[in-house]
2 protein chains.
Amino acid sequence: MADNKIRNMEEFAAVSGISRPTVSKYFNDPDSVRRTTRERIEKALERYDYRPNIFAMNQNRKLTKNVGIVVPYLADPFFAEIARQIEQRCIAAGFRPTLYSAHGDPALEKDILDSLVSLKPAGVLLAPLGRASDRSAIEKFCDDVPTVLFDSNLDDVGEAFVGSDNFSFVSQTVDYLTRTGEPPCFFEMRTPANPNANKRRLAFVEVMERRGLEPRIIKVEGEGWAFEEIGRDGALRVLETGGFPTNTILCSNDRLAIGLLAACYEKGFRVGRAEGCALRVASHDDHPFSRFTCPSLTTAAHDYDAVANCAFGTLAELIEGGGRFDTRTETLFSARLVLRASA
Amino acid sequence: MADNKIRNMEEFAAVSGISRPTVSKYFNDPDSVRRTTRERIEKALERYDYRPNIFAMNQNRKLTKNVGIVVPYLADPFFAEIARQIEQRCIAAGFRPTLYSAHGDPALEKDILDSLVSLKPAGVLLAPLGRASDRSAIEKFCDDVPTVLFDSNLDDVGEAFVGSDNFSFVSQTVDYLTRTGEPPCFFEMRTPANPNANKRRLAFVEVMERRGLEPRIIKVEGEGWAFEEIGRDGALRVLETGGFPTNTILCSNDRLAIGLLAACYEKGFRVGRAEGCALRVASHDDHPFSRFTCPSLTTAAHDYDAVANCAFGTLAELIEGGGRFDTRTETLFSARLVLRASA
DNA sequence: GCAGAAATTTTACGCGCGAAAAATTTCAGT
DNA sequence: ACTGAAATTTTTCGCGCGTAAAATTTCTGC
């Protein structure tokens, strides 16, 4: 391209022989101009590579093409993976996604939402911290910005929720474990940050009671998002003080399970369904690393693809519809049981 | 606050009894206005919560307060962690960081840089994909935007580089391993994407030869960023076809090691420095999960804190200095050996 | 080939703010 | 109190683009 520097849309309109506002229309929606006009613009575009000033665009536009993606803790590969999937769908649909992590900090989550407002995003996909979140701050944010919650639900906050059917997760793992061996006990944090954890515990109790089995729950101490460490420390303490009440342990999530497996390994307890194993361990989430634990982890998997698809699809629909839904929908995806070596 | 809605800086200037441009100066640098003026503005700010329109600000400003952070693969907790640290330093210094991941895709990396240009960032911290990167695209980008490379160096690209002294990493691990047992062989990908991998191999060869030992290298097949899988598959193949040439394996990085440990576990090879172990395994990076592998991984650790600090500090300096350094500096940090159970 | 409607383009204006130049105020030294 | 320079504030202009309304072109049906 003979890139005679184009400074602005005015100049670009001149060299392409079209008026500036028409060029503006083209950039907002190429299909809104006549085919012949579009072709002339695109031909000029090849010769002069010009791009509209993004700040000037967004200044006057009522609605930008920005989409915010907010996750509670990006160093967790689970969120990294789901964020990646959502990001790519945004791009494919012509939006400009921006990714934020609250890094486990409620104050930072609030700051992110604050600065997100001034970006006038067309919509936001928010996975809240959960219990620690400043609920009223999030509510206020959702009043200003069309928001779809995902992963972690807050009742009546946001225009919709897309997440997991925790009951399906737990019932499948419990089902499998009781069918193939001793019924499991449940291993979790005492004060989980994430509402999914509470739903999983409740599901565990319900499923076990339905079967006439006693739902035994092991709660370990620990705050924050260092789940592996909490799981390991907690499991070490249990193993050192009498051990688990059954030979089968169902962890609330994979990251706790990774910590628990580390503890078992340290203490010399062989984990798995094979001969000579002392314990069986299963879990939930299908964390990206759970294929590489020792032993590999039997777990109930999220359908990352479907969740990302639905979350973005719901947001797109919301944006189309002007930012409000008549009724708040909650879409829950079932788990897929993944059998590996640990149980 | 009696938030009588303030629409713009004009109105806010009116209610605070100051002229608009003075208010503008205040927002660009509160110390640039007289103390009495500043106090009047800040008093008004409490009553009327107003925030300047970020798009209008950036449209006319020659330099924004935006900082781009680009990493090759965010689902890798190593990058998630380093990005987190850098992010927080940006915020503390009054910048607006935005995080991007190339997700292992050179085309996406190029797209990110492209769209980053139009954000007129004050500076960018870029960890390139490495070998796969479109070097000329990155070079062109660095001409337009003050850029500091980190983690992964590209010769003569960007104004500075901050990374790791790979020789220090490898010499420490080799040193330790040879001192405490059989000399290691080196386990790596045949065609590593990251230049650090090449430097580590070269360092391994050099260190071994200095000791008069034969540098034996095991190369495994595989492309992309699924290092754990590549490590496991490669190790399985080795273990099934004669095994490793020594009982001590030094992995190029922790993620490969995680895969290798999974393979060893599957095949029943006990890893560690304790009695009865068949293999010792060590590695480099101190990946956030390497404390929770089975056994926990002996590794050469990055000083995440120092690297993040230096990378951002260098960028801040670069921005202060107008976006150019006289000479391109390369700052390398040494490793800290972390002894755990695997070797 | 023509009238009228529909689609498209052009005219005209304003968005909210940054920044240089001009005007004013402040302050030290006398 | 007075002068002059420095610090600060105000005047003025323009950035690059969106958008409603007006003007024009294109298209449809006869």
Side-chain angles (χ1 to χ4, degrees), chain A residues 5-45 48-66 94 96 115 117-122 322, chain B residues 5-45 48-66 94 96 115 117-122 322:
Chain A
K5 296 288 164 57
I6 302 290
R7 324 185 123 265
N8 54 35
M9 195 180 280
E10 191 81 52
E11 284 189 21
F12 178 75
V15 300
S16 52
I18 317 257
S19 77
R20 203 219 7 110
T22 302
V23 174
S24 168
K25 283 201 66 173
Y26 168 84
F27 278 107
N28 284 325
D29 177 9
D31 290 330
S32 69
V33 303
R34 204 184 330 227
R35 192 175 54 79
T36 57
T37 309
R38 182 166 62 245
E39 281 163 0
R40 283 166 67 192
I41 292 177
E42 281 164 357
K43 205 167 56 191
L45 222 39
Y48 288 96
D49 92 314
Y50 155 77
R51 306 180 58 170
N53 180 310
I54 197 168
F55 298 111
M57 280 180 60
N58 288 336
Q59 174 177 24
N60 299 320
R61 193 148 34 192
K62 52 188 69 162
L63 218 61
T64 70
K65 281 287 196 176
N66 297 331
R96 298 189 86 261
S115 77
V117 172
S118 59
L119 281 180
K120 291 193 276 188
Chain B
K5 295 292 162 56
I6 301 290
R7 322 183 126 268
N8 54 35
M9 195 179 281
E10 191 81 53
E11 284 189 21
F12 177 75
V15 300
S16 51
I18 317 258
S19 77
R20 202 221 6 108
T22 301
V23 173
S24 167
K25 283 200 68 178
Y26 169 83
F27 279 107
N28 284 325
D29 177 9
D31 290 330
S32 70
V33 302
R34 206 188 328 236
R35 193 175 54 79
T36 58
T37 310
R38 182 166 62 246
E39 282 163 0
R40 283 166 68 191
I41 292 177
E42 281 165 357
K43 204 166 57 192
L45 221 40
Y48 288 95
D49 95 309
Y50 155 78
R51 305 180 60 170
N53 180 309
I54 197 169
F55 298 111
M57 279 180 59
N58 287 335
Q59 174 177 23
N60 298 320
R61 189 141 47 184
K62 52 189 66 165
L63 218 60
T64 69
K65 282 287 195 175
N66 298 329
R96 299 188 87 262
S115 75
V117 172
S118 59
L119 281 180
K120 291 193 278 188

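Scope of the values below: all heavy atoms of this structure, side chains included, with no hydrogens, waters or symmetry mates. Values in this document were obtained by computation on a predicted structure and should not be read as measured data. Order of the sequence lines fixes the chain letters, A, B, ..., with proteins taken first and strands second; residue numbering starts at 1 for each chain.
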### Task
Examine distances only and state if a side-chain atom of A/Arg40 and a backbone atom of A/Gly17 form a donor-acceptor pair shorter than 3.5 Å.
yes

### Query
Between D/dC17 atom C1' and A/Lys65 atom NZ, what is the distance in whole Å?
17 Å

### Query
Would you call B/Glu39 and B/Arg35 a salt bridge, using N to O less than 4.0 angstrom?
yes

### Close side-chain approach of B/Arg51 and A/Val117, heavy atoms under 4.5 Å
no

### Query
Using the ring of each side chain (for Trp, its six-membered ring), is A/Tyr50 parallel, tilted or perpendicular to A/Phe27, with breaks at 30° and 60°?
perpendicular

## Note on the structure
Separation of C/dA6 atom P from A/Arg34 atom CZ, nearest Å, is 16 Å

### Task
Please state how far atom CZ in B/Arg35 lies from atom P in C/dT26, giving the value in whole angstrom units.
14 Å

### Task
Compare side-chain N and O positions of A/Thr37 against OP1 and OP2 of C/dT8 and report whether any pair is under 4.0 Å apart.
no

### Message
Taking B/Lys120's backbone N and O only, do any of them form a donor-acceptor pair with B/Thr64's side chain (distance below 3.5 Å, no angle check)?
### Response
yes

### Query
Which nucleotides of nucleotides 15-24 of chain C have their base under 4.0 Å from a protein heavy atom (B), which only their sugar-phosphate (S), and which neither (-), written as one string 5' to 3'?
BBBBBS----

### Summary
When rounded to whole Å, the CZ to P distance for the pair B/Arg40 and D/dT8 reads 15 Å

#### Entry: Any donor-acceptor N or O pair under 3.5 Å, side chains A/Glu11, A/Tyr48
no

